[in-house]
Colleague: 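Structure below; questions to follow.
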There are 2 protein chains.
Amino acid sequence: MIENTIFKALADPTRCAIFEKLAAGSMNASDLRAGMNISQPAMSQHLAVLRGAKLVREERQGRFVNYEVDPDGLALIAGWLAKYRAYWPARVDALKALLKDMDQ
Amino acid sequence: MIENTIFKALADPTRCAIFEKLAAGSMNASDLRAGMNISQPAMSQHLAVLRGAKLVREERQGRFVNYEVDPDGLALIAGWLAKYRAYWPARVDALKALLKDMDQ
DNA sequence: TCGACACATAAGCACGTACTTATGTGATTT
DNA sequence: AAATCACATAAGTACGTGCTTATGTGTCGA
């Protein structure tokens, strides 16, 4: 039930935002904090949860810690979604529209 | 931020199990309860959350309410996942077909 | 129409979670 | 070595969540 850990990690809007920010480009915890009204420990705790869910991974760089998206977590979600593939092809059109909206 | 509602819905292991059971075949709330050690109100509440996340939809049938998987929710997850396609590992064969369908 | 049934809603409670401030740890600079 | 910086951890607190029992709503059969 590792997917459960992932869904729990993404259930928090702040963590979702952090993940999206990292998806746009790797950065350290301080840079991540810029713009988000959140304390340093809070950020550290959120990153720990995302790490536990394999959605994010760290890389020490001097006294900075660089964070980046971990493909493992996304692969797990993709695997979970694939189990229910039988249900969504009927809605391909809706998905296409959604994707188009996201592109612009 | 509708995806957040979905992730929150799937963050609970009991709801995950309910969803999986429904994915194997539509059934009413009572049948769903069979095997799971959970009260009737709890099941009703879980189904309400899954409904709110568009992961499940209902259909009145006499005094029963038949529940089934709602493709809308899955499509939303697929859409969310698609945003991070750049990170998907190339080795995830399970999702290649999914990708192909979304790309066409 | 009355009782039984399937399910939803209300209210209350125990526990989990996200935040805070305070402090610890390790690396860099002077 | 001492100060500083980037980040992690500790501890406490307010709030959310999932459960329970009790009750409400709508449907069916006798």
Side-chain angles (χ1 to χ4, degrees), chain A residues 1-70 73, chain B residues 1-22 25-70 73:
Chain A
M1 295 294 165
I2 185 67
E3 297 103 351
N4 203 265
T5 310
I6 295 188
F7 290 139
K8 209 175 276 188
L10 291 170
D12 183 74
T14 305
R15 273 192 301 265
C16 245
I18 294 171
F19 181 82
E20 273 185 46
K21 223 170 173 183
L22 279 179
S26 307
M27 61 181 90
N28 59 54
S30 297
D31 291 346
L32 273 170
R33 212 149 81 79
M36 329 190 60
N37 205 21
I38 175 182
S39 69
Q40 177 269 317
M43 173 60 75
S44 186
Q45 288 159 15
H46 280 309
L47 287 170
V49 174
L50 289 169
R51 253 184 296 144
K54 292 191 179 303
L55 282 162
V56 146
R57 61 187 176 197
E58 65 178 17
E59 188 185 350
R60 263 260 167 212
Q61 282 182 357
R63 60 182 166 183
F64 293 82
V65 177
N66 201 268
Y67 279 93
E68 62 182 355
V69 168
D70 186 345
Chain B
M1 297 292 168
I2 184 69
E3 298 104 350
N4 203 266
T5 310
I6 296 187
F7 291 138
K8 209 174 278 188
L10 290 170
D12 182 73
T14 304
R15 276 194 297 266
C16 245
I18 293 171
F19 181 81
E20 274 186 44
K21 222 170 174 183
L22 278 179
S26 307
M27 61 180 94
N28 59 53
S30 299
D31 291 346
L32 272 171
R33 212 150 77 81
M36 331 190 59
N37 206 21
I38 174 184
S39 69
Q40 178 268 316
M43 172 61 74
S44 185
Q45 287 159 15
H46 280 308
L47 286 170
V49 173
L50 288 169
R51 251 184 298 146
K54 291 192 182 302
L55 282 162
V56 146
R57 62 188 174 196
E58 67 178 16
E59 188 186 350
R60 263 260 168 211
Q61 281 182 356
R63 60 181 166 181
F64 293 82
V65 177
N66 202 268
Y67 279 94
E68 60 183 357
V69 167
D70 187 346

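In the text below, chain A, chain B and the rest are named by the order of the sequence lines, each starting its count at 1. Every heavy atom of this structure was used, including side-chain atoms; hydrogens, water molecules and symmetry mates were not. On a predicted model such as this, the values are computed, not experimentally measured, just so you know.
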Colleague: Rounded to whole Å, how long is the line connecting atom CG of L47(B) with atom P of dG18(D)?
Modeller: 13 Å

Colleague: So, is Y67(A) close to the dA6(D) phosphate, meaning a side-chain N or O under 4.0 Å from OP1 or OP2?
Modeller: no

Colleague: Rounded to whole angstroms, how far apart are CE on M43(A) and C1' on dT17(C)?
Modeller: 17 Å

Colleague: In whole Å, what is the span from the CZ atom of F64(B) to the P atom of dT27(D)?
Modeller: 14 Å

Colleague: Find the distance N66(B):CG to dT27(D):C1' and express it as a whole number of Å.
Modeller: 16 Å

Colleague: Please list, by residue number, the residues of residues 13-31 of chain A whose heavy atoms come closer than 4.0 Å to an atom of DNA chain C; answer none if no residue qualifies.
Modeller: T14(A), R15(A)

Colleague: Would you give a per-nucleotide map of nucleotides 20-30 of chain C, 5' to 3', where B means the base has a protein non-hydrogen atom under 4.0 Å away, S means only the sugar-phosphate does, and - means neither?
Modeller: BBB----SS--

Colleague: With a cut-off of 6.0 Å (strictly less than), are more than 12 heavy atoms of other residues, nucleotides or ligands near NZ of K54(A)?
Modeller: no

Colleague: Let me know the distance between CZ of R33(B) and P of dC19(D), rounded to the nearest Å.
Modeller: 12 Å

Colleague: Check step by step if side chain to side chain contact (heavy atoms under 4.5 Å, CB included) holds for K8(B) and V49(B).
Modeller: CA-CA 9 Å; K8(B) 209 174 278 188; V49(B) 173; over 6 Å; no

Colleague: Can you see if the side chain of K8(B) gets near the phosphate of dT17(D) - specifically, an N or O under 4.0 Å from OP1 or OP2?
Modeller: yes

Colleague: Atom CD of E59(B) to atom P of dT27(D): distance rounded to whole Å?
Modeller: 15 Å

Colleague: Of all residues at least two apart in sequence or in a different chain, which pass the salt bridge (Lys or Arg N to Asp or Glu O under 4.0 Å) check with R63(A)?
Modeller: none

Colleague: Does the pair M27(B) and L22(B) meet the rule for a side chain to side chain contact (heavy atoms under 4.5 Å, CB included), with working shown?
Modeller: CA-CA 7 Å; M27(B) 61 180 94; L22(B) 278 179; 4.1 Å; yes

Colleague: Between C1' on dT17(D) and CG on N4(A), what's the gap in Å once rounded to a whole number?
Modeller: 14 Å

Colleague: At their closest point, which heavy atom of M43(B) faces which heavy atom of I38(B), and how far apart are they?
Modeller: N-CD1, 3.7 Å

Colleague: Quick check: closest heavy atoms across R51(A) and R57(A), and the distance to 0.1 Å?
Modeller: CG-CA, 4.5 Å

Colleague: How about L32(A) and L47(A): do any of their side-chain heavy atoms sit closer than 4.5 Å?
Modeller: yes

Colleague: Taking only N and O in the side chain of R51(B), is any of them less than 4.0 Å away from OP1 or OP2 of dC7(C)?
Modeller: no

Colleague: Does some side-chain heavy atom of D31(B) sit less than 4.5 Å from a side-chain heavy atom of K21(B)?
Modeller: no

Colleague: Of the non-hydrogen atoms in L50(A) and A9(A), which two are nearest, and what is the gap between them?
Modeller: CD2-CB, 4.4 Å

Colleague: Over how many whole Å does the gap from H46(B) atom NE2 to dT20(D) atom P extend?
Modeller: 9 Å

